[in-house]
Amino acid sequence: MIKILIADDQQLICDSLKIVIDTQEDFHVIDTVSNGREVLDSIKRRKPDVILMDVRMPCMDGTVCTKYVKQTYPDIKVIILTTFDDDDFIFSALKYGASGYLLKGGSPQSLFTAIRTVNSGGAMINPDITEKVFKLFSKMAQSNLSIKVNQDEVDNFTKSEWLIIQQVGLGLSNKEIAAKLYLSEGTVRNYISKILEKLSLRDRTQLAIWAVQTGATTKDFGNNDDEK
């Protein structure tokens, strides 16, 4: 059972999301709150697995709350609920470790998929904002945000690992990477887990930023039919 906390300052949205989410047998909405401070209070009592986090909330917005959540409870996954005009919020959420980015008003199936994906350690970006997120990755890569990795491991990456890193940097999901590189989703997940471990990176977002910073997204690594 995946325990879910909903954070949104509009009660109607909270109630609607709860109704939709509770239709799934493997989901359970354990609490609904209206701001970031209430999120932190609820976590202590309820211990959710996944938080659906609005960005524009009073007292403490979703991005600041995401920062505190990931610092104190790194295993809790955060899915940001966003609108097209929330660029700065998305930028901060990426930096602070959110695992998912969904547009409000999306389909229930997309929401269900996102919850299951991030709970299992993956990341989920709404297709409609993938291009925007990639531009934000670039913006972050050009900022003073420094991603430090073990250079010895970088020098030993295989072509297949570089191809995976490149696609993560471009904002593709595991499913999209699997289709593009003719791999199974499980294989892609295993690659990413091993790459994160080798680089001592916290999550997929840091890997994506690092990929942009190092220019991996623009290099020609050939294709996956060549030597691995």
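Of all the heavy atoms in Asn150 and Asp152, the pair that sits closest is OD1-N, 3.0 Å. Of all heavy-atom pairs spanning Ser34 and Asp9, the tightest one is O-CB, 3.4 Å. Summarising the geometry of Ala123 relative to Val118, their closest heavy-atom pair is CA-CG1, 4.3 Å, with the distance given to 0.1 Å. In terms of heavy atoms, Ser99 sits closest to Gly122 at CB-O, 4.0 Å. Scanning both residues, Cys65 and Gly36, for their nearest heavy atoms gives SG-O, 3.5 Å. Taking every heavy atom of both residues into account, Met60 and Arg37 meet most closely at CB-N, 3.9 Å.
Note: Asp31 CG to Ile4 CD1 = 12.5 Å, rounded to the nearest 0.5 Å. Annotation: the span from Leu103 atom CG to Ser110 atom OG amounts to 9.5 Å, rounded to 0.5 Å. Distance CD1/Ile79 to CG/Asp54: 13.5 Å, rounded to 0.5 Å. The distance from atom CD1 of Ile51 to atom CG of Leu40, rounded to the nearest 0.5 Å, is 8.0 Å. Taking CG from Leu5 and CZ from Arg46, the interatomic distance works out to 9.5 Å, rounded to the nearest 0.5 Å. Atoms CD1 and OH, on Ile195 and Tyr191 in that order, are 8.0 Å from each other to the nearest 0.5 Å.
When the side-chain contact (heavy atoms from CB on, under 4.5 Å) test is applied to Gln206, the partners found at least two apart in sequence or on another chain are Ile147, Leu201, Arg202, Asp203. In this structure Pro108 satisfies the side-chain contact (heavy atoms from CB on, under 4.5 Å) test together with Val20, Phe112, sequence neighbours excluded. Qualifying side-chain hydrogen bond (donor to acceptor under 3.5 Å, both in side chains) partners for Thr187, counting only residues two or more places apart in sequence or in other chains: Ser184.
A donor-acceptor pair is defined here as one N or O able to donate and one able to accept, closer than 3.5 Å; such a pair exists between the side chain of Asp49 and the backbone of Lys3. Remark: the backbone N or O of Val69 is not paired with any side-chain donor or acceptor of Thr72 at under 3.5 angstrom.
With contacts defined as side-chain heavy-atom distances shorter than 4.5 Å, the pair Tyr96/Val78 does not qualify. A 4.5 Å side-chain heavy-atom check between Leu52 and Leu111 finds at least one atom pair inside the cut-off. The shortest distance between side-chain heavy atoms of Leu181 and Val188 does not fall below 4.5 Å. At least one side-chain heavy atom of Met53 sits less than 4.5 Å from a side-chain heavy atom of Val39. Within the 4.5 Å cutoff, side-chain heavy atoms of Ile192 are placed close to those of Arg204. Within the 4.5 Å cutoff, no side-chain heavy atoms of Met57 are placed close to those of Glu38. For the pair Ser200 and Val149, the minimum side-chain heavy-atom distance is 4.5 Å or more. The shortest side-chain heavy-atom distance between Tyr73 and Lys47 does not fall under the 4.5 Å cut-off.
The salt bridge (charged side-chain N to carboxylate O under 4.0 Å, His left out) analysis of residues 63-80, with sequence neighbours excluded, yields no pairs. Among residues at least two apart or in separate chains, side chain to side chain donor-acceptor pair (under 3.5 Å) pairs with a member in residues 15-24 are Gln11-Asp15, Lys18-Asp22, Gln24-Arg116.
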Could you go through residues 162-169 and list every donor-acceptor pair under 3.5 Å that involves a side-chain atom there, pairing it with any protein atom two or more places apart or in another chain?
{"residue": "Gln166", "atom": "NE2", "partner": "Ala216", "partner atom": "O", "Å": "3.0"}
{"residue": "Gln166", "atom": "NE2", "partner": "Lys219", "partner atom": "O", "Å": "2.6"}
{"residue": "Gln167", "atom": "OE1", "partner": "Lys180", "partner atom": "NZ", "Å": "3.3"}

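Within 6.0 Å of CD in Gln71 there are more than 12 heavy atoms belonging to other residues, nucleotides or ligands.
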With side chain to side chain contact (heavy atoms under 4.5 Å, CB included) as the criterion, how do Val154 and Thr214 come out once you've worked through the C-alpha distance, each side chain's angles and the decisive distance to 0.1 Å? CA-CA 11 Å; Val154 174; Thr214 57; over 6 Å; no
Worked verdict on Val55 versus Tyr101 for side chain to side chain contact (heavy atoms under 4.5 Å, CB included): CA-CA 11 Å; Val55 287; Tyr101 317 94; over 6 Å; no
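Linking Ile, Leu, Val, Met, Phe, Trp and Tyr whenever their side-chain heavy atoms come within less than 4.5 Å leaves Ile76 and Ile30 in two separate clusters.
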